[in-house]
Every structure is written in C-alpha cells, then in structure tokens.
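Please read all numbers here as calculations on a predicted model, not as lab measurements.
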Amino acid sequence: MSRVEPINIHHGHPNVEMIITRASMPIDSGEIDPMNALPQQLTRLTDATLPDGRIVDVEITGDIVTSVEPAGSIDRSRTSTPHPTTLALDGFLLLTAPAEPHAHLDKALSWDLIEPPMGDLGLAIESWKRYAATMSSESIADRAREQALRMLANGTTAIRCHVDILHGPDPMRGVRALVQVREELRELLDLELVALAGPTAPSDDVLEALDLGVDLIGGAPHLADDPDADLRRLLALAELRGVGVDMHTDESLDGALTLRTLAEVVRHWDATRPATAGHCVRLGTLHPAALDEVIAEIVQSDIGIVTLPITNLYLQGWEHPVSTPRGLTAVRSLLDAGARLGAGADNVRDPFNPVGRSDALETASLLVTAGHLTLDEAYTAVSSGARDVMSLPVAGVVVGARAEFLAVRGRSLSDAIANASADRFVVHAGRLVAHSQVTRMIAFPDLTAADLTAPAPVTAAASATATTTAPAPAEPILETR
C-alpha cells in the first residue's frame with residue numbers, strides 16, 4: 001500500500017493554507033485508489049467515453065498512447081509492464097487535457113489583497129504597479145504555486161506564464177519566483193515562462209531574465225509611445241538570443257495595430273522559434289477588408305493567436321455604455337482563414353479580472369456564448385489549439401500522442417462544458433496527478449403529495465386539508481462519487 005504524507009503550505013497572505021497529499025507509489029497492481037496514490041503511473045484507461053460517443057479502452061506506455069480500442073476488446077491480461085495500473089472511467093468523458101497559453105501566475109489571486117477599483121486596462125495597470133512595489137519573491141511564489149495547482153486540479157497540464165519585469169531595485173523578483181515554482185512543479189505540469197517587458201523595461205533586464213531561465217520574450221508594445229519601435233526592440237533582442245516571442249498585442253478597441261509589424265519581422269524566422277500574439281482585440285473592430293488583409297499576413301507568418309475572453313470581456317468596453325463591444329479578437333475569421341488559434345483565461349482574481357474559476361471549461365463556455373464558436377471549436381481552442389500555439393507535442397486519445405488527459409464526469413462535450421462537473425481525473429505524461437471527487441446532499445422531493453398524471457379538482461375540503469396537514473419531511477439523499 002502507499003504511504004501518504006500531508007504537506008502544509010502557508011502562503012504570504014493571511015487565511016490561506018493549502019494541503020497537498022504526496023503519496024509514494026503503490027507496489028501492488030490492479031485498479032488504483034487515486035485518493036491515496038498520487039502521482040501514479042498509469043498503463044490503461046478503461047470504459048472512457050469520447051466526445052464522438054465511442055466508449056474505449058486506452059493503453060499507455062510511459063507517456064505515450066499505444067492503443068485505443070473499443071471498450072472490452074483489449075486483452076487485459078496482456079501487458080508490457082510488471083505492475084499494470086488501470087484507471088476505470090465509466091461515466092467519464094475523456095478529453096485532451098487543456099493547456100493555458102497565456103497566464104499571469106505572478107498576479108493571480110491578488111484581488112482581495114489589493115482591493116483595486118473596478119475598471120478598464122488603465123486602472124488595472126496603475127493599481128497593479130502600486131501593489132507590485134511591495135511584493136517579495138516569496139509572496140509571488142506562494143500565489144503562483146497556489147494558482148498553478150488550482151489549474152492542475154481542473155485539468156490544465158501545461159501553462160505558459162508571462163512574468164513581469166518589475167520596477168525598482170530588484171526587477172527580477174518575479175522571474176526568480178516563477179523559475180522556482182517551475183522547478184517545484186516540473187513533475188506535475190509543463191510550465192513555460194515569458195519575460196513581460198513593459199515599454200520602460202531596460203533591454204538589459206530582458207536579457208537578464210533569459211539568463212535566469214525564462215524561455216521567451218514578451219511585452220506590450222501597444223502601450224508604448226511608439227508601439228512599432230518598442231515591438232522592433234523586443235524582436236531584435238529575441239533574434240540576438242535566438243528565442244521565440246509571445247507579445248501582448250493590440251489590446252484595445254481602437255488605436256495602434258502592431259500585428260503587421262510582428263508578421264513582417266518573424267516571417268522568415270526558423271520554425272523552432274515560436275511567434276505568438278495574445279489578446280489581439282483590435283482585430284475584432286476592423287472592417288472586413290482590412291481584417292482579411294491582416295489575417296492573411298498572420299497566416300503567412302504562421303503566428304499563433306491567443307484569445308482571452310474572460311479578461312477582455314471584463315477590461316474592454318467600459319466607455320461604451322450602449323451596444324458595449326465584446327472585446328474579443330476575430331475568432332471566427334481567424335479559424336476560417338486557417339490561423340492557429342488557442343484560448344486561455346489570462347488573469348484570475350487580480351486587478352485585470354476579479355473573477356475566474358481556474359478552469360478551461362469556463363473559457364470554452366465563454367467562447368461559445370461570446371465568440372459564437374461551436375462546442376468542438378471552443379474545446380479545441382483550450383486544448384489542442386493551445387498546445388499547438390505553445391509548440392507542445394500533440395496529445396490526446398490518439399495512438400502515438402502524448403498521454404495528457406482530462407476525464408470529467410459527463411455524457412457529452414456539451415454536458416461537460418455546460419455543467420463543468422468537479423468530478424475529474426487529470427493525467428500528465430501518463431501519470432495520474434490530480435483527482436477531484438464531489439459529495440452532494442440533496443433533499444428528496446415528496447412525489448406522493450399529488451397525482452402528477454391527473455390532478456384532481458381542488459374541493460373546499462381538500463383545500464382545508466392541504467393547509468392543515470403538512471407532508472412528511474423529505475429525507476436527504478447522500479450522493480458520493
């Protein structure tokens with residue numbers, strides 16, 4: 001049997017404590033007890049429902065899917081591993097695990113600490129700058145770790161995080177914190193880091209962030225006095241170091257459009273150096289002819305676009321009380337043109353977005369309602385599309401793909417996105433790394449109180465009886481999953 005050790009992690013802000021269960025690997029085989037054995041190497045998933053309705057068994061070798069067959073058709077006595085471990089998924093929908101292509105773990109969960117004014121991008125930036133001056137590396141790491149684990153619990157197994165190059169005497173505080181958290185979580189999820197360099201961040205600081213272990217260069221050139229010049233500065237630094245870029249791009253309903261410059265500069269970059277543009281709100285306000293021209297350049301330069309519905313729905317449109325614009329990029333036009341599209345949550349409970357559930361199914365739901373994507377398109381954007389933008393290996397229920405899965409209780413993709421059941425199993429690199437189980441108590445209605453098929457006429461006597469005789473109290477049902 002496995003040995004379980006609870007670990008208490010105390011955070012740098014009051015009244016927050018996380019308890020993580022760390023378990024040693026069980027030595028026996030057979031179906032696992034996920035509550036007591038995390039992380040756990042898996043060799044087989046059984047009776048899983050796919051979005052197309054098929055019920056399948058999946059075999060895993062290491063971190064790779066090696067077989068997908070109709071449920072019950074795999075010889076369960078056959079295995080290439082000495083201790084096969086099976087996860088039974090009857091009643092669960094098996095999906096490619098979500099990936100988060102644009103997070104800000106260094107800002108996450110700071111709303112209650114800052115208590116900022118609600119408002120647009122400018123107000124959010126100013127309130128964040130004031131608070132950021134007070135942060136230590138330890139407090140940043142505490143919030144970042146907690147947020148990453150919340151996302152993992154909900155199914156996200158890969159995160160690309162933008163980390164601010166801060167003002168003041170120690171601008172690398174956030175970078176050091178996120179490099180530390182990446183190392184702590186390296187067996188549980190993939191974490192990519194982007195140096196977020198504002199228009200006033202010195203170029204030497206950007207290079208220092210790369211030296212400390214950041215993977216990509218990012219920035220927000222649309223906020224600069226000369227957006228084109230700031231973008232070219234950051235792209236030149238990326239070329240100097242041979243790394244890719246992920247830019248906050250044109251995050252406004254009007255004004256500067258820097259995507260064409262980005263497309264022009266990266267068009268002939270080596271394919272190993274990714275170029276990504278996040279937000280791209282301005283695309284959603286362009287007239288069709290101009291939009292078609294810009295999207296053609298995006299496709300030609302193979303730029304990955306990341307839409308961030310919850311944050312941009314919150315930040316954009318405050319100055320438009322009537323016919324408030326949606327604040328999203330042109331997701332339909334981008335998909336129709338063949339652009340690579342990923343979607344993420346961006347900010348979670350910080351000055352840039354006071355809400356958010358750390359759940360990719362929330363992002364998918366918003367893409368359906370606000371972006372008018374289909375259910376399949378919306379979930380693809382937060383899973384395979386996000387992984388593509390992040391240059392990650394193909395994952396999912398396909399032979400040869402990486403074993404990155406979210407199993408969520410549900411009958412169909414519409415059920416999963418609509419209800420977002422908290423009953424979930426999360427698999428990263430072929431290992432079970434998270435399991436959530438829901439217990440509900442619901443009062444049972446008294447179905448004998450009336451004839452539901454043919455209600456009798458209400459007489460004076462019956463009415464009097466009804467007002468003086470109460471039905472027996474409902475007994476609660478305990479439902480444990």
Check [X] against [Y] and note the closest heavy-atom contact, atom names and distance.
X	Y	value
P325	H320	CD-CB, 3.6 Å
R267	S301	NE-OG, 2.8 Å
Y379	L361	CE1-CD2, 3.8 Å
L259	A277	CD2-CB, 3.8 Å
A201	I165	CB-CG2, 4.3 Å
M390	A99	SD-CB, 3.9 Å

Hey, does the side chain of [X] reach the backbone of [Y] with a donor-acceptor pair shorter than 3.5 angstrom?
X	Y	value
D270	T272	yes
N312	R326	no
S252	D254	yes
D423	V438	yes
R182	G213	yes
R143	A108	yes
D350	N353	yes
T380	D376	yes
T134	R130	no
R387	P393	yes

What class does the angle between the rings of W128 and Y131 fall in, given that below 30° is parallel, 30 to 60° is tilted and above 60° is perpendicular?
tilted

Are [X] and [Y] linked by a side-chain donor-acceptor pair shorter than 3.5 Å?
X	Y	value
D250	T258	yes
E404	T96	no
S421	R409	no

Heavy atoms, side chains only, cut-off 4.5 Å: are [X] and [Y] in contact?
X	Y	result
H279	V306	no
C161	V194	no
L38	V433	no
H428	F405	no
R340	D302	yes
V397	V65	no
L123	E126	no
Q316	L313	no

Given V355 and I310, is the side-chain contact (heavy atoms from CB on, under 4.5 Å) satisfied, shown in steps?
CA-CA 9 Å; V355 293; I310 191 168; 4.1 Å; yes

Set out, in order, the CA-CA distance, both residues' side-chain angles and the distance that settles salt bridge (Lys or Arg N to Asp or Glu O under 4.0 Å) for R349 and D112, then state yes or no.
CA-CA 8 Å; R349 297 186 59 213; D112 290 338; 2.8 Å; yes

Residues in side chain to side chain contact (heavy atoms under 4.5 Å, CB included) with R233, at least two apart?
S203, D230

Checking A220 now: which residues fulfil side chain to side chain contact (heavy atoms under 4.5 Å, CB included) with it, not counting sequence neighbours?
H222, L223, H248

Using side-chain contact (heavy atoms from CB on, under 4.5 Å), reason through E239 and V265 one step at a time and then give a plain yes or no.
CA-CA 10 Å; E239 292 202 66; V265 173; 3.9 Å; yes

As a quick check of understanding, evaluate side-chain hydrogen bond (donor to acceptor under 3.5 Å, both in side chains) for H104 and D346, giving each step before the final call.
CA-CA 6 Å; H104 290 271; D346 196 5; 3.3 Å; yes

Taking atom [atom1] as the centre, does [X] end up with more than 12 heavy-atom neighbours from other residues, nucleotides or ligands that are less than 6.0 angstrom away?
X	atom1	answer
R260	CZ	yes
E319	CD	yes
D336	CG	yes

Spacing of [atom1] belonging to [X] relative to [atom2] belonging to [Y], to within rounding of 0.5 Å:
X	Y	atom1	atom2	value
M172	D205	CE	CG	4.5 Å
H287	D292	NE2	CG	13.0 Å
T156	D359	OG1	CG	7.5 Å
L188	T157	CG	OG1	11.0 Å
L231	T249	CG	OG1	7.5 Å
M247	L262	CE	CG	7.0 Å

Cationic N near anionic O, under 4.0 Å, R176 to D170:
yes

Should R232 and D226 count as an ion pair when the cut-off is N to O under 4.0 Å?
no

Which residues pass the salt bridge (Lys or Arg N to Asp or Glu O under 4.0 Å) test with E100, sequence neighbours left out?
none

Verdict with supporting geometry, L413 and I417, side-chain contact (heavy atoms from CB on, under 4.5 Å)
CA-CA 6 Å; L413 187 59; I417 292 176; 3.9 Å; yes

Please say which of L191, D215, L193, T276 ends up in a side chain to side chain contact (heavy atoms under 4.5 Å, CB included) with R160.
T276

Are I303 and I305 close enough, and set up right, to give a side-chain contact (heavy atoms from CB on, under 4.5 Å), and what steps lead you there?
CA-CA 6 Å; I303 296 173; I305 302 296; 4.0 Å; yes

